[in-house]
Amino acid sequence: MTNRRRFLANVLGLGALGLLASPFAAATQTAPNPRRFMSARADAQGRFFATVFDDEGRVYADVRMPTRGHGSAVAPSGREAVMFSRRPGDFLLVIDPADGRLLTRVTAAPGRFFDGHGCFVAGRLYVTETLAETGDGLIGVYDPQDAYRRIGEFSSGGLDPHDIRVVGERTLVVANGGILTHPDAPRVKLNLDTMDPSLAYLDAVDGSLVAQLRLPPSMHQSSIRHLAVARDGTVAVAMQYEGPSTARVPLVALHRPGTMRLETLALPEPLLVSLRNYCGSAAVDATGRVLGVSSPRGGLMLFWDVQDGRLLGSTELRDGCGIAAAGDEGTFLLTSGLGGVHRHHAGDAGMSAIDRSLFTDSRWDNHLLTL
Amino acid sequence: MRRLKTLTLIAVMTVAATAAAAAPSADDYRRLNLDLVDHHILPRYVRLADAAAALERSTEGYCTTPMGTTPAELDQAWQTTVDAWQSAQHLRFGPVELFMRGMRIAFWPDPRNSVGRQLDELLASGDPAALEPDRFAHGSIATQGLPAFERLLHDATPARSDADRAFRCAAMQAIAHNVADMTAGMLSDWRDGNDGFREIIRRAGEPGVHYHTPREATLDLFKSLHAALEVVADHKLKRPLGDSLQAARPQLAESWRSERSLDNVRLNLAAAEALYLGEDPQSEGGFSHFVRTTAGDTALDDLLRRAFKQTRATAQSIGMPLERAVADPAERRKVEKLAREAAALKALLAQRLAPALGIPVGFNALDGD
């Protein structure tokens, strides 16, 4: 560790957080098994892939996709991983992350399209979907034991469900983006005047709505899209504002367990302006204590201490969007849509690129998953 | 066809050699931005505001003065306003974003038929208070603009009574007033005062200004150019074309009721080309001049000029309205060719022009999720 890094870290208070003193950090750096990640990407020829790789530059799976992928999910066993097609998506792929073998391909149910995210919980795969005719948000339920057969669905509690995560044993938390779309005009936003985004908690087993949180009505154009869950159960929300680009609105919020409100995180004006009203992805580090949020339009990654909501630092990465925990405390792997996979430690000024041509030549999609 | 393949091929070659040139300076970007604001953006908003004001007068004459304005004159005033809107629709940043003006002027695409449903509701209510300017401007956005006017003008079911006929006319007046109000507001918000958007672009880089650097404003201009081609290729052409002749969907065309969807596309392409070339090809403005001199890539400029010219020529070659051409075996081929060319041009802009401008646009930044 350089002196400069220690200096910056101290200035930013990382020392107090224990990010430097961890004996754990040294151990994982020399761990025999490199960490593996999954992401969608396009190559220089514009072909799409679902790719599993490690932070030393090895590639385990590189599965061709007919269209662009988006989010991914890994089964608790680690032996099956799912890549979702980008919304409005009509398929998902189940692969073996160890070798890229295609295990199953699931087509969207009639009249529904995939929204690009999903997660495993309680022995099922839960997928955000939209009923095309009405735009209503759904959670599709799939059985991994039965070739990912679709065994049910329930309401997501709003329009435009996007990211989905699990908290506790059987509770799903869903980002209802609130935006109405229609397959006849893919991705065009049809209700910006009446948007109603929400954060919904759903019981995974019976589909019931456990709780639903909204921002104040004045923030109804802030689309709640991406989520990260911290160790203490705090859910971090990364938003995209659909109002005028010259407006300044909070883009990151926390929902702490035991409360019923979304607490927005303030940013110094110059940083807030830099985000261009758009956050693309969120992740917490391996300790579950440091939150990272990316803004591809601003070319900026921001890091917070979840416990006290304090900004720890930021780093610039043009079109940087993919972000995932990379082992050590405060350490993340970052990817860019202009190419490149980088390791970064929250509070450091710079980052280190992983030197491999496939990494630098790929246009990495929005999301990166730690396997 | 062969030429198109060449275009497409070049579009996917991301590692094409570019002439070595020094990185553009903040002044280079500022000059480009202000040239386009003064010679492209402001004149187009002047024309739009003038056309909308004339439409408001014309509608008033049609509705309130017997023999004051003929239906043909009213239609002409509406067509002129749509022409002006189609020539400015690609500008998607700045004052058009405020108060959702862009959507309120023209709610499209409208795959859920919001315009029809909400207009029917309004007409069924017959409630004059709903047309009062302030309430109308804060009501449902789909009924506030030019597509709703088009329906009242070109696709109205016969009036049920004199009162119904009078209410429809009052609704047209409310729309015309609302559009005139918004377009005058946009022009003023661009042009006037120290916080006008022209001034914000001129002062890009100063502390506290929306744009941290002049290059960021250039990015917004580039995105407008890119979006113009994207909307034409992916929405205005691809959707009515459908997957085959049998699956053509003419009613997904933008202005099928007045059969002017192809005119819209031609105006969009002309506007995009004008934004690229600068409004006066002899002047030192537009992206084209920047590419030739600042970026020093005359080959790219030549290529883009040819691509715009060819795409516009294809649009010109289609011999019947779009909503009929997509279902006509011979003309449909031309529409398909136009859609391919517009898509190839869009790819060229993202993959060649953006890097030449020094603003490489990424995988995620241009079209988020």
Side-chain angles (χ1 to χ4, degrees), chain A residues 41-42 44-46 68 70-71 86-87 115-116 133-135 162 180-194 221 225 240 243-247 269-270 273-274 276 278-281 294-299 318-322 336-339 361-367, chain B residues 11-15 92-104 107-114 138-142 144 195 197 200 207-212 216 219-220 223 230-231 234-235 238-240 242 249 251-252 347 351 355 359-369:
Chain A
R41 69 180 186 99
Q45 283 76 48
R68 181 172 169 180
H70 192 63
R86 194 167 188 252
R87 79 181 166 89
D115 282 302
E133 190 52 37
T134 61
H162 198 65
L180 181 69
T181 57
H182 191 281
D184 279 345
R187 306 178 68 80
V188 174
K189 299 155 186 168
L190 300 169
N191 69 332
L192 295 188
D193 54 333
T194 57
Q221 287 188 314
R225 301 201 77 73
Q240 297 169 6
S245 58
T246 45
E269 175 83 7
V273 174
S274 296
R276 296 289 161 217
Y278 186 98
C279 289
S281 198
S294 62
S295 172
R297 296 195 181 160
R318 279 214 287 185
D319 203 26
C321 199
S336 163
L338 290 166
D361 296 346
S362 291
R363 299 160 76 83
W364 295 98
D365 182 75
N366 308 51
H367 301 300
Chain B
V12 298
M13 286 168 49
T14 50
V15 283
R92 288 166 190 270
F93 63 101
V96 70
E97 290 182 83
L98 300 177
F99 316 114
M100 294 183 274
R101 279 165 172 160
M103 269 168 281
R104 287 163 61 211
F107 191 82
W108 192 86
D110 182 19
R112 295 186 179 276
N113 190 27
S114 299
H138 289 92
S140 85
I141 60 173
Q144 289 191 30
D195 51 1
F197 214 74
I200 287 173
V209 173
H210 174 62
Y211 294 111
H212 286 176
E216 288 184 355
L219 175 62
D220 270 350
K223 281 158 85 170
E230 180 165 86
V231 172
D234 296 352
H235 293 289
K238 200 169 153 190
R239 308 316 300 178
R249 300 177 70 184
Q251 296 197 348
L252 290 180
Q351 292 165 18
I359 48 167
V361 288
F363 202 38
N364 304 310
L366 206 57
D367 177 20
D369 204 354

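Please read all numbers here as calculations on a predicted model, not as lab measurements. Here is how names work: the chains are called A, B, and so on, in the same order as the sequence lines, proteins then strands, and each is numbered from 1.
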Given heavy-atom pairs under 4.5 angstrom as the criterion, report whether the side chain, backbone, both or neither of [X] touches chain B.
X        : answer
A:Ala42  : both
A:Ser274 : both
A:Arg225 : side chain
A:Pro183 : backbone
A:Asp365 : both
A:His70  : side chain
A:Thr134 : backbone

Q) Measuring from B:Asn113:CG to A:His182:NE2, what's the distance to the nearest 0.5 Å? A) 10.5 Å
(Q) As an exercise, state the distance from CG of B:Asp369 to CD of A:Gln240, rounded to the nearest 0.5 Å. (A) 7.5 Å
Q. Between the main-chain N or O of A:Glu133 and the side-chain N or O of B:Arg112, is there a donor-acceptor pair closer than 3.5 Å?
A. yes
Contact summary for [X] and [Y], nearest pair of heavy atoms:
X        : Y        : result
A:Gln221 : B:Met100 : NE2-SD, 3.6 Å
B:His212 : A:Val273 : NE2-CG1, 3.4 Å
A:Arg363 : B:Val361 : NH2-O, 3.9 Å
A:Ser245 : B:Glu97  : OG-OE2, 2.7 Å

Could you tell me which of [options] has the largest number of non-hydrogen atom pairs under 4.5 Å with chain B?
options                               : answer
A:Pro186, A:Ser295, A:Gly46, A:Gly298 : A:Pro186
A:Arg318, A:Arg41, A:Glu269           : A:Arg318
A:Thr194, A:Leu180, A:Asp115          : A:Leu180

**Q.** salt_bridge(A:Arg187, B:Asp234) N-O dist < 4.0 Å
**A.** no
Q. Where does B:Leu252 contact chain A at under 4.5 Å (heavy atoms): side chain, backbone, both or neither?
A. side chain
**Q.** Contacting region of B:Phe93 [heavy-atom separation from chain A under 4.5 Å]
**A.** neither
Q. Would one find more than 12 heavy atoms of other residues, nucleotides or ligands at under 6.0 Å from atom CZ of B:Arg249?
A. no
Q. In a check of side-chain contact (heavy atoms from CB on, under 4.5 Å) between B:Met103 and each of A:Leu192, A:Asp193, A:Leu190, which one passes?
A. A:Leu192
